[in-house]
Amino acid sequence: MEQLPVLSILIFLPLIYALIVPFLPNEKRLLHTFSTVGSGLLFVLSVLFWLGTTKAGRPAAEFMTWLPQLGIHYNVGADNLSWVLVILTTFLVLMAVLASYTSIEKRLKLYYAMIFTLTSAILGVFLARDLFVFFLFWELELIPMYLLISIWGGPRREYAAIKFVLYTLFGSVFMLAAILGLFFIARSADPSATFAFADLSGVSATGLAVGTQVLLFLGLFTAFAIKLPMVPFHTWLPDAHVEAPTPISMLLAGILLKMGSYGMLRLCFGWFPEAATVLAPYLVLIGTINIVYTAGVALAQADLKKLIAYSSVSHMGFVLLGLGALNAVGFNGAVFQMVSHGLISAGLFMIVGTLYTRTHTRQIAEMGGFGKVLPTVYFFALLIAMASLGLPLLGGFPAETLVFYGAFLSNAFKVIPWFGGTVLTLSIQTLTIISAIGVVLGAAYLLWMLMRVFMGPVFPKWSDLKDATPSEVFVLAALSFLIVAVGLFPNLVSSQFEREVTAMAQPYSKMIAELHKATPKGQIPVISMMSFSKNEGGTR
Amino acid sequence: MSNAVQDLVWLIPVYPLIAFLIIVLGRWTGLLKPMSGSPFVILATALGLIHTLLFLGNWGPAYTAVEQNWTWLQAGALQLPIGYFIDGTGMMMLLVVTSVSLLIQIYTHGYMGHDPGYSRFYAYLALFNFSMLSLVLSSNLFQMYIFWEMVGVSSYLLIGFWFTRPSAAAAATKAFLMNRVGDFGLLIGILTLLYFSWTYWQGLDPQQLLSFSQMDGAARTALAAAGPVAFTVMAILIFMGPMAKSAQLPLHTWLPDAMEGPTPISALIHAATMVAAGVFLIARMYPVFTISPNAMMIIAWIGALTAFVAATIALTQVDIKKALAYSTMSQLGYMVLAMGLGAYSAGLFHLMTHAYFKAMLFLCSGSVIHGCHEEQDMRKMGGLMKYMPITGITYLIGTIAITGVLPFAGFWSKDEIIASAAEQPLLFMIAIATAAMTAFYMFRTYFMTFHGTYRGHGHPHESPKVMTMPLAILAVPSVILGFALSGFFGLPAFSQYVSFGHAHHHDPNLGVMGLSILVALGGFLVAWLMYGQAKVIDPARIASAFKPVHTLLWNKWYFDQAYGFFARNIYLSFASLSAWFDRTVIDGIVGLTAGTVNASGGAMRALQNGRVQSYLVIFFIAVVLLTVVLMWMV
Amino acid sequence: MPETMAMNVIGQKDMLFILPEIILTVGLLAILCLTMMTHKKTRHENAGLMQVSLVFVLGSLAALIWQFAQQPSMEPETMMFGALRADLFSYVMRAMLLAGLGITVAISHAFLERNTKIIGDFYALVMGATLGGMVLSAANDLAAVFIGLETLSITSYVLAGYLRRTTRSAEASFKYLVYGGMGTAIFLFGLSLVYGLSGSTNFSDIATALAAYQGVMHPTLLLMVIMVFAALAFKLSIAPFHMWAPDVYEGAPTPVSAFLSVVSKTAAFAVTIRLLMVIFPGFPAWAELWTILAVLSMTIGNFVALKQRNVKRLLAYSTVAHAGYMLTGLVVGSSAGVGSIVYYLMTYLFMNLGAFACVIYFGILTGSDDIESYRGMVQKRPGLVLAFSIFLLSLAGIPITAGFFAKFFLFQAVIMSNPAYTWLVIVALLNSTVSLAYYINIIRLMVVKEPSDAVNAIPAHTSTPWALGSALTISVAATLLLGVFASQFLNYSTESVKQLVQERPVVVSQGLKR
Amino acid sequence: MFEVGLYHYITLAAVLFSIGLYGVLSSRNAIRVLMCIELMLNAVNINLVAFNNFINIEDLGGQVFSIFILTVSAAEASVGLAILIALYRSRKSVDMERFNLLKW
């Protein structure tokens, strides 16, 4: 198994599909089956390859020199964290393709070509082990996503599509600057350094000034925060979700948000522990705002899909809270949240999609009494909404538990240093409590939505709706099965990536102790002066 | 055989889970006919009961606690275990839950016989059984929190069973939300406990995290680490869970609305089992509560106030199920009061007896409603004793039991609680006053429904055998259970099996016994005078005499209106404010930047006026400016 | 200085070096004669003329490559009495100019056939202009620079006005002439001052003479430098001196706009780099001058392009913006920085010419250059729309296109040479984000929108003229592959610049404030 | 006796250059613009010849250069006039203000 270039197959197979699709005859049924078989094969392959390589103790990695004079090489590899997300990606792509049966009619060839290009871009991001390759695939997913939203979307699709692209591109500006800065520092430390993750991760350990570290951390972090999305940069998500067709918003919520959190964990938190420790208070603060504020906004939404979009923004706040806890439990919780939120949000959007294909409206006011008319959809909606609510024995609960336990038991910070030496007396424990309130608010808007949409008397105009079609039921059943399985036996999922993620969190306990020791009791850990000039960065 | 039963005790909750899966998959794949599925559930519960009895059978004289743990979720240093733990209290709860739910499920077959959602209802019942039994068996606080919420969601499903009725949907959402508020408190309580007692748990085997058997050691470490004030706050936070679950004062308004659900579940969930889970949690977490006196005092006062307020509201209720709901709330108040006062076994004893006779009362009200063709308003009933003798008699037995008249179960358990309240004069007075009111409003409901002439339409008929037989069976424990475990005349005392720390049995306080019987009879007399044949005192006149008090009670102390106000004004406005902020401010800034870029683009574009000479002027100015700027700069 | 003054007779070595230019001149004259002879101007004849000129161009390119293959690791030496300098840099630049010329000739045929009877003169003029450019990029003497520049400019003025009948083309060429005339005048005045200071017109002598003024910042010295580089900035269409570009690009026939945006810009960059590296290496105000010009051109280029409705004007502003990006390489002035500019020019050549080829094709199909008229083109010509999208995305710098790689290498070189200029890279990246807005807007119109009436009028599928088709395929292939297989091209570009520059100390200026 | 030095020539060239510049920027008539461009080029010639004479007499670089400039400016003038005629034919005027068809 190891001589097979496993990872490159996974990355470039979808691209091959994307090249084949335009040449197929333009017949709806054929295109659907081709894509289903294709994505199915991709999913099976990803599981087999995972079992064959990393699970069997031989982590897969491929290397090919590309532009040696610039230190750029085609360097891909996968540890269990990447594999879990790769399999989640291929699974959700399969689900999205199945969901496209009912919701996509026109220009199928371009549609499937774009979906497969998008898949290869996302797989590329998760499997990249060279910062250039990572950045290349990170920008590659922009155009397919733009076209997918702007051609098959809803009424205001073009505005939403361009907003999505410009937001992400704006983020990647600072990411590229940080990448190049990091490479410069690595090169000045050791002239043979390349863009490989291995070389760049050791940079912060070689006594880099905290100021530079924080700057590099923030450069990378902005791009990931926009993708997460973090509160001030989140307004693209509701627009993109509302306007995107169902399969695309499943992919968008299911996987694209994970690119942001994956990047945060592996790059920002993996490479700059000191900077992360200094910035943890602010991350947790924004994470809490992310949870509570968007839960409030979600309640006031009249559009069902926007409500679900804001709920996924709120849920991604947990990732920030988990990462900000700076301990193994919090990190594991954040990664678990990525997986479970992927399944749950895909499920929720599938539900909204099935309703939309029948009623062609997304205004909650116009909906009512679907429970009686669409019993199967009601059953799945109930199950997935409860999972999103964080009900135990369903997908969401283990993630929330780990994040809350991790954050509450962490000694990341007692106070948040604020401007001009003043201090916000908000310890991580208080912020966790406030986030827990956010969860209760979350329960409120979800239950209220269930009540208004599914319960109550049947509206006369919806009395003749027909229940879910087999393909929809299959998708919903597959997602629900996984959500229940993850909920009942969380150790199955968490034990896969637990070792890697705990290793990532390992340096932080020492780092926190150092930071607290470095700042005398009353004093606040102030970020040392921004030292950035070339020579200072270079000297050891 | 004995250790097989013991090792497989975790199967008890699994039987209903299997039944639930059979029905769900059966209905989905169409193998199961629409109106079937109940035999699986009833069989599962029966198996649970038999298994419990077998377990009890060879549990041996010492009744030592049995515990077994596995790791459910492991991440970094945290290992969250799951497992089973049975001691006296746990066995008592097991017996109550399995027996009561078995009888209710049999009764439901009659009550829901021709309801289209029959199999869905049984599926929900099975799910509830699974959650409740797992809650009772859970070996640690984390696991209990899991099934705490599972029970909450099953009650949401069951209350909102007839979801096409908007009021049922609203009641279900309200119940679940209020439980979520309670769960929030419980979660924060657990986290704080874990935070302060982390060093203690590190010392133990990781699978013992938060387990009840080690709770007293953890409690002491937490008290030492946190200091009394923080510890009390933590205890009250944990108490918030039971406050919502057992409908204690601030978080109680969901219970009366929960009557929207079908009556069998009112009996099962909102009388016998789920609401008792709150008291059960207090029992399990007793080591934490006992070592902080002011926490115990707060719990006692909340219990007392709930009992008192619920009793006062029950006085004016006209809907039979709402009256019984408020009486449940009042009795739960009693149990919490007992726990608050340290009377551990008294509280649990009352829980046990109350479970039986309250379930019976609810089932009677169910058969009354069934008989009077879905009529719930007592003013449209009356004289039903003639038409429904069995229901009538069982209802009378229940009423006597709950008022605590001598031979019946209610007396022994309630008397112990009142006795334990003896030291606190104020609490004692509230307890006695509530006992009086209980007697009054219970007999009021009895007389209004079963005595006098029938005021409703149509003609009521006795419920079928399948519904009246469970009533008869439930009547037995309501009568003898109290006496059987009172510890008199050589009979086994309840406190021998179910107690906290040393099983002390203080001798009965005759004075208190006498007083409580007297008060009960007084209440009966007043009720008889107002509503019985005598009709001496006209209730309307009394109502007008105490007008302000009556309106206060009629409006259920305005709690609903207060919560409604909070929800609409504060919470919704926060939501719409943040939605507005999100749309205008954040999007505004984004729009602004895009706008300035466009505008500046437009402005620079205007510079391009098409005349070469103006271009050349700019060319020349640029050369000059560059020279000047660079001269100044370099 | 290593090279001694060449002996006064033109040796066999000199002739070899300017062989490509000779072939081109012969081609030019041949075309002129042929046009005179073919008085009937039939379609067949015009196609023949195009093929002949294409043969000559490819011949000249082949000669260049053959010569380079003879001695790849060559020692730079001056030719033609020191007027021209034979080094890797001149070979690379001349190769690019010839490639640009070839593609321009290929794409112009279809356009000219539909718009005018006399075609031969166009090819002659275009070859003449490239001749000037080639001389310019190998120039090692002020006179050679002037001659090369003027040949390029004057032929461009005539080319801009090739469609005499239409007023827009005539007005464009007149404006271009007046603006260019003034630019040349100022350039010459600067050169005369340089001559005055150094007493010689040869680059190496001037370099030694000016070395004396290394550190001193004398106002007249500064004015002299500004005047020289202002004219070159005009040719590169850098911000304050770009005002002519939009009008000329819109007015001139599209192949001419393509020619101007690529070939004349590459030639101008060649001479700027040579002047910058050879004559004014240690000049103190360098970084600040180019920083100001870079930021100005990026911002103006991108912001104004947002509001454009005519695709040729939009591409004009896009060239201004790209000139801005390339200037960041000059700001740091290191060999890596300038080398990445040369690589950027390579990719820029193909993506820009490709884009103009598509504009020509659309012009033929819809008859207008208005972006609105491109709506729904994907229904009729999906292949063409795909090609145009690839070029636009490459211009915007989206991955796997060469544009992305070019921008990445450029910004990497800038930060590696002098991290103090990270802010400049961030400004450049923000500008390219803005640029994506108007590039993707065109794609949106073509792919997402419903067809406009102009597109509906297009017949189902007419055959694409082979010359335009082949030019398009070459450009698409180059745009996609040049990035991924860049290492060889990168080596050429950085190596060529290394030869030019003695590794002078990187002037670390403390930001803009002294 | 008054000796005409290098600076006199340079100042003359500068003055001529400025006059030409002013002429290009301000005249309404297109032909006058072309003439002024020629004027500027000739100013450069003076400059070059003067430098050649005073700085580096033995090498004729400067003068050769000015001859080049003469020829090129002639070419430019002729091309300019040709284009102007074509423009005149369609716009019926030589007023510089009228040539603003291409804008924004």
Side-chain angles (χ1 to χ4, degrees), chain A residues 15 22 65-72 74 107 109-110 121 124 132-133 135-143 146-147 149-153 157-158 161-162 165-181 183-185 187-188 195 212 215 219 532-535 537-538, chain C residues 336 339-340 378-379 382-383 386 389-390 393 396-401 404-405 407-409 411-420 422-437 440-441 443-445 447-449 483-488 490-491 494-495 506 508 510-511:
Chain A
L15 266 186
T65 53
W66 188 358
L67 299 169
Q69 64 271 40
L70 297 175
I72 294 174
Y74 174 74
R107 288 212 256 190
K109 288 211 270 188
L110 182 63
F132 176 79
V133 172
F135 183 70
L136 187 136
F137 280 114
W138 177 273
E139 294 249 318
L140 183 61
E141 51 94 16
L142 276 179
I143 296 309
Y146 173 80
L147 288 176
I149 295 176
S150 64
I151 296 176
W152 291 275
R157 55 184 184 277
E158 276 141 40
I162 192 67
V165 166
L166 289 182
Y167 256 89
T168 324
L169 209 56
F170 174 77
S172 61
V173 158
F174 299 101
M175 178 151 89
L176 182 55
I179 288 174
L180 295 178
F183 182 66
F184 167 76
I185 292 166
R187 257 293 162 87
S188 52
F195 272 97
T212 337
L215 218 56
F532 194 71
S533 63
K534 175 173 176 303
N535 33 41
Chain C
S340 55
V378 79
Q379 323 280 24
L386 177 66
S389 314
I390 289 175
L393 291 179
I398 298 295
I400 47 167
T401 58
F404 168 79
F405 287 91
K407 273 195 177 132
F408 189 91
F409 301 152
F411 296 138
Q412 179 183 6
V414 167
I415 289 195
M416 288 304 287
S417 324
N418 183 352
T422 315
W423 67 269
L424 185 61
V425 167
I426 290 179
V427 165
L429 286 169
L430 286 174
N431 267 301
S432 70
T433 317
V434 170
S435 76
L436 183 77
I440 222 166
N441 182 39
I443 298 176
R444 177 175 69 86
L445 283 173
V447 177
V448 175
K449 285 290 183 183
V484 178
F485 304 101
S487 72
Q488 189 48 30
L490 255 177
N491 287 348
T494 34
E495 214 41 54
V506 169
V508 179
Q510 303 311 320

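Lettering of chains follows the sequences in order, A, B, ..., and the numbering in each one begins at 1.
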Exercise. Side chain, backbone, both or neither: which part of A:Ile162 has a heavy atom under 4.5 Å from chain C?
Worked result: side chain
For this session: Identify which of C:Leu393, C:Val414, C:Ile440 forms the greatest number of heavy-atom pairs closer than 4.5 Å to chain A.
Result: C:Ile440
Problem set entry | Options C:Asn491, C:Ile398, C:Val425, ranked by heavy-atom pairs under 4.5 Å with chain A, top entry | C:Asn491
Problem set entry | Atom CD1 of C:Ile400: over 12 foreign heavy atoms under 6.0 Å | no
For this session: Counting only heavy atoms closer than 4.5 Å, note whether C:Leu436 contacts chain A via side chain, backbone, both or neither.
Result: side chain
For this session: Could you check which of A:Arg187, A:Arg157, A:Glu158 has the highest count of heavy-atom pairs closer than 4.5 Å to chain C?
Result: A:Glu158
Exercise. Judged by atom type as modelled, is there a donor-acceptor pair below 3.5 Å linking the side chain of C:Asn431 to the main-chain atoms of C:Val427?
Worked result: yes
Exercise. Is a side-chain N or O of C:Lys407 found less than 3.5 angstrom from the main chain of C:Ala396, in a donor-acceptor match?
Worked result: yes
Exercise. For the side chain of C:Thr401 and the backbone of C:Gly397, is there at least one donor-acceptor N/O pair under 3.5 Å apart?
Worked result: no
Problem set entry | Interface moiety of C:Phe404 toward chain A, non-hydrogen atoms closer than 4.5 Å | side chain
Problem set entry | Minimum heavy-atom distance C:Ile426-A:Ala177, with the two atoms named | CG1-CB, 3.6 Å
For this session: Using the ring-ring contact (aromatic ring centres under 6.0 Å, His included) rule, take C:Phe405 and A:Phe132 through it: C-alpha gap first, then chi angles, then the decisive distance, then the call.
Result: CA-CA 10 Å; C:Phe405 287 91; A:Phe132 176 79; 5.6 Å; yes
Exercise. Is chain C contacted by the side chain of A:Tyr74, its backbone, both, or neither, given a heavy-atom distance below 4.5 Å?
Worked result: neither
Exercise. For A:Tyr146, is it the side chain, the backbone, both or neither that has a heavy atom under 4.5 Å from a heavy atom of chain C?
Worked result: side chain
Problem set entry | Region of A:Leu166 in contact with chain C, defined by heavy-atom distances below 4.5 Å | both
Exercise. For A:Trp152, is it the side chain, the backbone, both, or neither that has a heavy atom closer than 4.5 Å to a heavy atom of chain C?
Worked result: neither
Problem set entry | Closest approach of A:Leu136 to A:Trp66 (non-hydrogen atoms, all atoms of both residues) | CD1-CH2, 4.2 Å
Exercise. Heavy-atom distance under 4.5 Å to chain C: side chain of A:Phe195, backbone, both or neither?
Worked result: side chain
Problem set entry | Contact class of A:Glu139 relative to chain C, heavy atoms under 4.5 angstrom | both
For this session: Looking only at non-hydrogen atoms, find the nearest pair between A:Ser150 and C:Val448 and report the distance.
Result: O-CG1, 3.2 Å
